[in-house]
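The next block holds one structure in the form of structure tokens; read it before the comments.
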Amino acid sequence: MLHVRPAPGPAPRNLSRLSLSRTYAIRSSSVGGRTGLCLGHCCRCKPLSCKCKLGWSSQQPPDSRQHFRPCSSASEAVLTAQSDIRKLFVANEKIGVLLLNLGGPETLDDVQPFLFNLFADPDIIRLPRAFRFLQKPLAQFISVARAPKSKEGYASIGGGSPLRQITDAQGEALMEALCGKDIPAKVYVGMRYWHPFTEEAIEQIKRDGITKLVVLPLYPQFSISTSGSSLRLLESIFREDEYLVNMQHTVIPSWYQREGYIKAMATLIEKELFKFPKPQKVMIFFSAHGVPLAYVEEAGDPYKAEMEECVDLIMEELEKRGMPNPCTLAYQSRVGPVEWLKPYTDETIIALGQRGVQSLLAVPISFVSEHIETLEEIDVEYKELALQSGIKHWGRVPALGCEPTFISDLADAVIESLPYVGAMAVSNLEARQIIYVQVSTTHESCGTVQHIFCSCLIPGDMHRGRVKTCRSTSMYGLPTVQGLDSSFFLATDETTPLLAEHNCYQHHCIKGAGKPQIGRYAG
Ligand SMILES: C=CC1=C(C)c2cc3[nH]c(cc4nc(cc5[nH]c(cc1n2)c(C)c5CCC(=O)O)C(CCC(=O)O)=C4C)c(C)c3C=C
Ligand SMILES: [Fe+2]
């Protein structure tokens with residue numbers, strides 16, 4: 001079935017949630033000793049040109065620790081909410097932002113080992129516990145078998161993935177944007193499957209003596225297979241490391257609903273629409289990277305729900321701008337024999353052609369950099385398929401990359417998360433069992449139920465079977481919703497009975513708990 005929404009679009013939504021962000025904390029752990037990567041210094045902190053009111057010194061001494069010396073007094077701060085945050089969290093602190101991303105092979109020789117790393121990840125190939133010993137042999141087998149096809153793809157886009165360069169540029173831009181907002185911070189890039197690996201970034205963070213860390217996966221929507229996997233790795237790194245145990249941190253697990261991101265996407269779409277002969281007739285075709293269906297249906301991955309909501313928000317923004325175009329959401333890039341999220345992009349393109357759609361604008365929606373699946377799969381394969389299927393006019397929206405509104409919004413997301421950095425004591429989290437929960441708020445005045453966040457992390461094994469039997473310790477959701485204090489919502493088997501009425505908030509267990517219950521945020 002096609003997920004096609006004709007004009008004029010979805011029911012009106014309360015857009016106040018656009019300002020919501022979500023933060024989580026990770027438990028701490030240990031790390032191997034590799035060289036790390038960081039993106040350098042606060043660009044504006046040059047003598048006499050430093051715009052960071054509470055920023056680093058204008059000097060750049062060889063000892064990186066000195067880069068964090070506050071360079072002005074609190075009296076410079078204006079008494080606004082943001083400047084209060086600055087006063088509280090910037091002075092005498094060394095703030096780090098860790099961007100998490102997938103990573104990609106930089107040369108054709110990297111392709112097979114990169115694929116091995118990817119398939120060896122139990123969040124990518126989810127084997128039952130009893131078969132875990134097969135993970136690496138299987139990864140070896142699949143990576144060798146897939147490498148020739150993947151190499152062809154990477155060869156056709158210049159011999160390697162552009163992901164590292166783009167992510168580095170985003171990190172530089174984010175650092176500049178933070179500095180421009182008077183938050184001096186160092187930005188680090190930690191990739192999941194290729195250099196610079198997350199472990200390398202963490203080593204650099206330790207060497208730099210970061211005291212407050214914001215972890216920001218560069219995936220707008222959360223999936224177990226992407227942000228979840230990276231956060232799980234980070235959690236295992238943090239677990240036994242003395243330094244990391246004491247380093248205050250927070251995580252922004254997804255940010256697809258942020259106003260700046262939505263507006264930046266709408267602007268990119270708008271610009272491309274006007275390249276068509278009849279912009280109002282163009283079908284906006286959102287193509288998201290797929291995940292196996294079982295992730296959503298069995299493991300409770302919020303990816304599909306977040307994706308659909310994200311598309312709705314972008315379409316609402318376009319409607320507000322006078323572009324009530326029809327739109328479709330489909331899922332691409334499936335791998336292997338199992339069923340993935342549907343509708344599939346290729347089948348949808350064919351069906352749209354058969355239905356007489358003349359103009360299609362492809363929008364890559366699950367990733368904010370150009371990569372093999374935009375440059376090869378969409379630009380070459382799907383374009384060809386569309387033209388063969390009778391579609392006359394084809395266009396593609398570029399990935400956000402370093403688009404200024406987007407980067408500025410990421411900087412705001414980091415700043416908004418600062419009050420939550422370190423709010424969670426690691427010791428409180430021992431022996432908790434985590435389940436998936438979806439947290440919603442019900443507006444007393446109108447009765448509207450509004451989705452707030454979906455807690456997700458997650459050792460993968462806990463997704464199997466009934467929630468009540470899960471054994472893993474892991475994620476803790478921290479909703480950063482206006483009107484809530486910074487106490488934590490710990491969705492655990494143990495805390496579930498403790499949840500009691502609290503204002504108008506409800507929690508729903510996605511799996512296992514049946515009926516929605518009135519809950520409270522347990523601090
Ligand atoms: C939100 C984005 C992504 C999701 C979800 C995702 C899930 C997922 N991916 C694979 C298998 C492969 N992915 C590959 C590359 C790749 N994947 C993403 C993003 C998501 N993956 C990106 C951005 C990239 C490209 C990186 C680059 O080098 O440019 C690949 C390798 C390429 C290929 O051979 O096709 C594989 C394989 C699975 C199995 C999965 C969910 C379980
Ligand atoms: Fe992928």
Side-chain angles (χ1 to χ4, degrees), residues 101-127 131 134-167 191-195 197 219 223-226 229-230 285-295 303 330-350 362-389 394 396 398-399:
N101 211 341
L102 187 120
E106 289 168 73
T107 67
L108 295 185
D109 286 342
D110 296 342
V111 170
Q112 187 273 325
F114 159 78
L115 289 176
F116 173 83
N117 292 341
L118 185 129
F119 291 119
D121 178 358
D123 285 316
I124 289 285
I125 296 188
R126 298 161 54 82
L127 295 174
F131 293 99
L134 288 176
Q135 190 90 41
K136 287 195 174 162
L138 199 60
Q140 182 65 20
F141 177 78
I142 301 174
S143 63
V144 169
R146 189 174 172 86
K149 182 174 181 272
S150 286
K151 273 189 190 178
E152 255 180 56
Y154 283 107
S156 77
I157 62 164
S161 169
L163 215 51
R164 181 175 190 164
Q165 271 175 303
I166 297 171
T167 313
M191 299 293 197
R192 183 67 182 87
Y193 306 119
W194 206 246
H195 299 278
F197 288 111
Y219 307 93
S223 167
I224 295 166
S225 61
T226 54
S229 167
S230 280
F285 183 72
F286 293 94
S287 187
H289 197 301
V291 294
L293 187 62
Y295 281 53
Y303 182 69
Y331 295 90
Q332 66 175 80
S333 315
R334 65 187 183 274
V335 183
V338 297
E339 189 178 354
W340 282 47
L341 279 184
K342 284 184 178 165
Y344 298 145
T345 294
D346 48 4
E347 294 176 3
T348 307
I349 289 173
I350 295 169
V363 186
I365 180 81
S366 46
F367 209 61
V368 293
S369 313
E370 296 298 344
H371 61 291
I372 191 166
E373 282 137 8
T374 54
L375 300 170
E376 205 274 326
E377 206 172 349
I378 298 185
D379 287 354
V380 180
E381 291 178 36
Y382 294 143
K383 179 180 178 184
E384 199 181 308
L385 183 65
L387 298 179
Q388 280 168 5
S389 306
W394 169 271
R396 204 263 285 175

CG-OG distance between Leu375 and Ser369, expressed to the nearest 0.5 angstrom: 10.5 Å

Anything under 30° is parallel, anything over 60° is perpendicular, the rest tilted; go ahead and classify Trp194 against Phe114. perpendicular

Between Ser225 and Asp123, is the side chain to side chain donor-acceptor pair (under 3.5 Å) condition met? List the steps. CA-CA 5 Å; Ser225 61; Asp123 285 316; over 6 Å; no

Value rounded to 0.5 Å, distance of CG in Leu385 from CH2 in Trp394: 8.0 Å

Just by distance, no angles: are the side chains of Glu377 and Ser333 close enough, under 3.5 Å, to form a donor-acceptor pair? yes

Short question: side chain of Trp340, backbone of Val335 - any donor-acceptor pair under 3.5 Å? yes

Just checking, is any N or O donor in the side chain of Gln332 or Tyr344 under 3.5 Å from an acceptor N or O on the other one? no

Say you draw a straight line from CD1 of Ile378 to OG1 of Thr345; how long is it, rounded to the nearest 0.5 Å? 7.5 Å

Arg192 to Phe197, cation-pi by 6.0 Å centre distance and 45° axis angle: no

Approximate separation, where rounding is to 0.5 Å, of Glu347 CD and Ile349 CD1: 11.0 Å

Between Glu370 and Arg396, is a salt bridge (Lys or Arg N to Asp or Glu O under 4.0 Å) present by the stated rule, with each step listed? CA-CA 11 Å; Glu370 296 298 344; Arg396 204 263 285 175; 2.9 Å; yes

Test your reading of the model: is there a side-chain donor-acceptor pair from Asn117 to the backbone of Tyr193, 3.5 Å cut-off? yes

Just by modelled atom types, is the Pro364 backbone N or O under 3.5 Å from a matching donor or acceptor in the Ser287 side chain? no

Exercise: do Ser229 and Asp121 side chains pair donor with acceptor under 3.5 Å: yes

May I have all residue pairs that pass side chain to side chain donor-acceptor pair (under 3.5 Å) and include part of residues 141-153, sequence neighbours excluded? Gln112-Ser143

Trace of the side-chain contact (heavy atoms from CB on, under 4.5 Å) decision for Phe285 with Val363: CA-CA 6 Å; Phe285 183 72; Val363 186; over 6 Å; no

Determine whether Arg126 and Ile224 satisfy the following criterion, side-chain contact (heavy atoms from CB on, under 4.5 Å), listing intermediate values before the conclusion. CA-CA 11 Å; Arg126 298 161 54 82; Ile224 295 166; 3.9 Å; yes

For Tyr303 and Tyr295, indicate whether the former's side chain and the latter's backbone hold a donor-acceptor pair under 3.5 Å. no

Any idea how Tyr219 and Phe367 line up, ring-wise: parallel (<30°), tilted (30 to 60°), or perpendicular (>60°)? tilted

Looking only at heavy atoms, which two atoms of Gly290 and Tyr331 are closest? And how far apart? CA-CB, 3.9 Å

Distance col, row Leu293:CG vs Leu341:CG, nearest 0.5 angstrom, shows 6.0 Å

Does the pair Ile142 and Ile125 meet the rule for a side-chain contact (heavy atoms from CB on, under 4.5 Å), with working shown? CA-CA 11 Å; Ile142 301 174; Ile125 296 188; 3.5 Å; yes

For the pair Met191 and Thr167, evaluate side-chain contact (heavy atoms from CB on, under 4.5 Å) and give the outcome as yes or no after the intermediate values. CA-CA 9 Å; Met191 299 293 197; Thr167 313; 3.5 Å; yes

